[in-house]
Student: 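The structure follows.
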Amino acid sequence: MHDRERYPRRSGILTRIVLAATTAFIAVNLWTGAPLLALWVGSKVVGQQTLSMKAVFVVIVVLAALLYPMTIALTRLNAAYDRLAGRPSGEDRVAWLRSMNVQREPHAGRRAGISTLERIVMASVYLAVITFLVWFFFFASSPLPH
């Protein structure tokens, strides 16, 4: 299959770049901005120096309130990017969850591959995990007494 058949519309390259940049911004903020903002709000609401259940509850509620719209935005950005790139909008089930019986699911192979925005989100997850592991093993001091 030629590239023109897979991605029939080449217009809107600038729009796709903006969608990719927005996705990268949101994906990075899933791991950095949202948790830090939730911790900051929790610390300002409670105002104590010791940890309390109220502070933990506030952080969890604020984090959920931030992450939910961010994940919805990522879903909508990916759908818009797929429309601009001309990718078919088949089922959203990953390959390993599909039935082995191809006759039962005739459109199972319609949407193959990973989109650019999905690659950006995966790269941000890899970066977050690797950064955490480097920090944990090389820079974090042990809370246990020496």
Side-chain angles (χ1 to χ4, degrees), residues 1-48 51-141 143:
M1 183 184 295
H2 295 290
D3 202 34
R4 286 183 182 171
E5 293 172 5
R6 287 181 65 196
Y7 303 107
R9 290 182 269 171
R10 290 291 181 182
S11 63
I13 292 176
L14 181 61
T15 305
R16 292 191 325 203
I17 291 172
V18 169
L19 290 174
T22 305
T23 298
F25 177 76
I26 292 173
V28 168
N29 277 298
L30 282 173
W31 308 108
T32 57
L36 289 175
L37 183 62
L39 287 172
W40 181 77
V41 169
S43 70
K44 294 298 178 188
V45 167
V46 175
Q48 297 177 1
L51 182 65
S52 67
M53 287 307 293
K54 181 180 177 183
V56 172
F57 180 75
V58 167
V59 168
I60 290 172
V61 167
V62 170
L63 189 59
L66 291 172
L67 292 182
Y68 181 72
M70 292 171 87
T71 55
I72 297 299
L74 284 175
T75 303
R76 291 184 178 166
L77 285 169
N78 193 37
Y81 188 89
D82 285 349
R83 278 192 307 276
L84 283 173
R87 289 184 70 193
S89 61
E91 67 178 80
D92 290 335
R93 194 179 314 167
V94 290
W96 60 274
L97 287 176
R98 290 189 195 123
S99 171
M100 296 296 283
N101 186 356
V102 180
Q103 288 81 19
R104 286 196 330 206
E105 297 183 25
H107 304 291
R110 257 180 53 193
R111 184 178 173 186
I114 298 172
S115 74
T116 303
L117 299 190
E118 292 167 342
R119 290 179 197 275
I120 291 171
V121 172
M122 287 188 321
S124 77
V125 171
Y126 293 147
L127 182 64
V129 170
I130 290 169
T131 304
F132 171 74
L133 290 174
V134 167
W135 169 80
F136 184 79
F137 287 115
F138 297 111
F139 297 109
S141 60

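Since the structure is predicted, the reported quantities are computational estimates derived from the model, not experimental observations.
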Student: Can you measure from CZ (Arg76) to OG1 (Thr71) and round to the nearest 0.5 angstrom?
Tutor: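 The distance works out to 10.5 Å.
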Student: Show your reasoning for whether side-chain contact (heavy atoms from CB on, under 4.5 Å) applies to Leu74 and Leu30.
Tutor: CA-CA 10 Å; Leu74 284 175; Leu30 282 173; 3.6 Å; yes
Student: Calculate, to the nearest 0.5 Å, the distance between atoms CG and CZ belonging to Leu19 and Arg83 respectively.
Tutor: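 The distance works out to 9.5 Å.
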Student: Distance check, rounded to the nearest 0.5 Å: Ile130 atom CD1 versus Tyr126 atom OH?
Tutor: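 Answer rounded to 0.5 Å: 9.0 Å.
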Student: Grab the two heavy atoms, one from Ala140 and one from Phe136, that are nearest each other, plus how far apart they are.
Tutor: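 Heavy atoms only, the tightest pair is CB-O, 3.8 Å.
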Student: Quick one: are Val121 and Asn78 in side-chain contact, heavy atoms under 4.5 Å?
Tutor: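 Val121 does not reach Asn78 side chain to side chain.
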Student: At what distance, to the nearest 0.5 angstrom, does CG of Leu36 lie from CG of Asn29?
Tutor: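 That separation rounds to 9.5 Å.
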Student: Can you tell me how far apart OG1 (Thr22) and CD1 (Ile17) are? Round to the nearest 0.5 Å.
Tutor: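 Answer for the OG1-CD1 pair, Thr22 versus Ile17, is 11.5 Å.
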Student: What are the two closest heavy atoms between Ala38 and Val62, and how far apart are they?
Tutor: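 Here Ala38 and Val62 meet closest at CA-CG1, 3.6 Å.
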Student: Within the structure provided, determine whether Val59 and Val41 are in side-chain contact (heavy-atom separation under 4.5 Å).
Tutor: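 Heavy-atom side-chain distance check fails, nothing below 4.5 Å.
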Student: Would Leu77 and Ile26 count as a side-chain contact (heavy atoms from CB on, under 4.5 Å) if you check the C-alpha gap in whole Å, the side-chain angles of each, and the deciding distance to 0.1 Å?
Tutor: CA-CA 10 Å; Leu77 285 169; Ile26 292 173; 3.8 Å; yes
Student: Is there side-chain contact between Arg16 and Thr116, with at least one heavy-atom pair below 4.5 Å?
Tutor: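 They are not in contact (no side-chain heavy atoms under 4.5 Å apart), so the answer is no.
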Student: Will you find, in the side chains of Tyr81 and Ser115, an N or O donor that is under 3.5 Å from an N or O acceptor?
Tutor: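 No, because no side-chain N or O of Tyr81 sits under 3.5 Å from a partner of the opposite role on Ser115.
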Student: Quick one: pull up OG1 in Thr23 and CG in Leu117 and give me the separation to the nearest 0.5 Å.
Tutor: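 Rounded to the nearest 0.5 Å, the OG1-CG separation comes out at 4.0 Å.
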Student: Testing the basics here: between Trp31 and Ala27, what is the closest heavy-atom pair and its distance to 0.1 Å?
Tutor: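 That would be CD1-O, 3.0 Å.
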Student: For residues Pro69 and Ala64, report the shortest heavy-atom separation together with the two atoms involved.
Tutor: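 Heavy atoms of Pro69 and Ala64 come nearest at CD-O, 4.4 Å.
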